[in-house]
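One structure below.
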Amino acid sequence: MRRANAASTLLIAGGGPVGLTVAALLVAHRGLAPDTTVRVLESRPAVAWDPDTTGARVYALSRASQLILDSLGLWQVILGRRACAYRRMRVWEGEGPDGRAALDFASADIGEPDLGHIVEDSLLRHTLQEFLARFGNAQVDFGVSIESVRSTNRGIELGTSEGETVAADLLVAADGGASRVRTLMGLPVAACDPDQTALVAHVESELPHAETALQRFLSTGPLAFLPLADGRSSIVWSLPTAEADRLTALSDAGFLDALQAASGNVLGRLGPISQRARFALRTVHAQRYCAPGAVLTGDAAHSVHPLAGQGMNLGLLDAACLAAELGRARHRGDGYGDLAVLRRYERRRKGDNLTMLLAFDALDRLFRLPGSAAPLRALGLGAVDRSRVAKRLLMRRALGIDHPVLRPLRRTAA
Ligand SMILES: Cc1cc2nc3c(=O)[nH]c(=O)nc-3n(C[C@H](O)[C@H](O)[C@H](O)COP(=O)(O)OP(=O)(O)OC[C@H]3O[C@@H](n4cnc5c(N)ncnc54)[C@H](O)[C@@H]3O)c2cc1C
């Protein structure tokens, strides 16, 4: 492999939020050798963000994600465009959030202004695309997908859908949960198909969302309401796929009736509702995150259940960690694609990602256990809710405030 201080090309497969963030951190923090080029290949067209309409896909972004974007100077841009802070989070099972089986988190309890922000996927991508366009050594090609990957003694060689062959020192796979690169590189995964599908839509409500994220655990899976800046809430309703199919086939009125019942009327009368989208849920974890010349990030390395809204947050931490390790490789004179460099990144991220993945999977299973387990769950939720220490720890962990990956970024931002 070549040393990182020679002219190099770093290729990123996938221009989703994680791939674009890896590229942005690499070019912005000047950790790379001067004549290193970062090129992103994205199979879809460039995203346009619409200031008048809230995009269909949104993410609950943690403080850790906020700090990563802030280190690029992009957090204030996003806030100035459209984002909704959530300051409370209420999680419950059974009749209502005021019952025994409930947890109530408030940012004020840990002296924080909020517990995170709801941000549109299209806004995140658009802002990152716009940012990368400022750098002469960054290039994003849309409508181009990676079709083949081959290891060479200088790094990696790729074949694209346009018939181009591209040589690179390192290939960063950020091509999502069904990662083509991961398959082409023969990197094995542990996967679990829970036969669940998430239904997503934005809905108006009689009662204001009051900057509160709500999540009700039902025997079929969790139903979340995330507050949007336009006053509506974005629902993420995880269901067995057959039930999701049945609900998808309903008219808006029929779907709203089902949603009303499932919501336990926590936001009063619901409706009207936007167009609905659906996502098959799969838990995937790559057993190895790297091979010589190639490395996995974001959902290509790990897809987690959306119940805790952490998949993107974990992916952005991957991006920050990988950018830092590649910067270190350059200072040490190692090659970007050296296995030792990529393994350091893998060691720093794998345990964290796996812990979260197993925790969300266990939570999902726990709440889908039959009704006889409900009293035990109520006891557990009640005990956590009464323990200030446990709640503070959970909130700080979810915000990612103390994450070690953020330390160099805090220095950059200072
Ligand atoms: C319903 C739902 C709700 C969620 N809510 C949250 C939340 O609130 N908070 C949170 O943190 N996470 C959430 N997540 C998880 C989050 O969506 C993912 O973790 C995140 O999208 C991963 O980002 P990524 O960039 O790794 O992958 P993706 O967003 O999947 O992007 C991958 C990109 O790669 C491109 N691509 C694919 N194949 C190729 C190829 N061969 N060549 C070139 N390009 C390719 C794709 O077009 C795509 O643009 C949710 C997930 C779901 C399903």
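Just so you know, these numbers use all the heavy atoms, side chains as well, and skip hydrogens, waters and symmetry mates. For ligands, and for the atoms within them, numbers begin at 1 and follow the listed sequence.
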Return a yes/no value for [X]: is any of its N or O atoms, backbone included, closer than 3.5 angstrom to an N or O of ligand 1?
X: Gly311; result: yes
X: Ile146; result: yes
X: Val144; result: no
X: Ser145; result: no
X: Phe279; result: no
X: Arg57; result: yes
X: Asn313; result: yes
X: Met312; result: yes

I'd like to know if [X] contacts ligand 1, where contact means a heavy-atom distance under 4.0 Å to any ligand atom.
X: Pro17; value: yes
X: Arg125; value: yes
X: Leu314; value: no

Practice task
Establish, for the pair Arg330 and Tyr336, whether the NZ or CZ atom is under 6.0 angstrom from the six-membered ring centre and no further than 45 degrees off its axis.
Solution key: no
Practice task
Would you check if the side chain of Asp169 reaches a backbone N or O of Thr9 as a donor-acceptor pair within less than 3.5 Å?
Solution key: yes
Practice task
Evaluate the side-chain proximity of Leu187 to Leu296: yes if any heavy-atom separation is below 4.5 Å, no if none is.
Solution key: yes
Exercise for the section: Please examine the side chains of Val166 and Glu157, heavy atoms only from C-beta on, and report whether any two atoms are closer than 4.5 Å. Expected result: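 A side-chain contact is absent here, since even the closest heavy-atom pair is not under 4.5 Å.
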Fill in the blank from the handout: The answer for which part of Ala174 has a heavy atom under 4.0 Å from ligand 1 is backbone
Exercise for the section: Under 4.0 Å, heavy atoms only, figure out whether ligand 1 is touched by the backbone of Pro306, its side chain, both or neither. Expected result: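 It is the side chain that gets close, since no backbone atom is under 4.0 Å.
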Problem - Between CG on residue Leu61 and NE2 on residue His117, distance to nearest 0.5 Å - result: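 Here the interatomic distance stands at 9.5 Å.
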Problem - Asp230 and Thr54: side chain donor to acceptor below 3.5 Å - result: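 Note: Asp230 and Thr54 side chains meet the donor-acceptor criterion.
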Problem - Pick from Gly176, Ala301, Gly15: the one approaching atom 28 (P) of ligand 1 most closely through a non-hydrogen atom - result: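 When every heavy atom of Gly176, Ala301, Gly15 is considered, Gly176 comes closest to atom 28 (P) of ligand 1.
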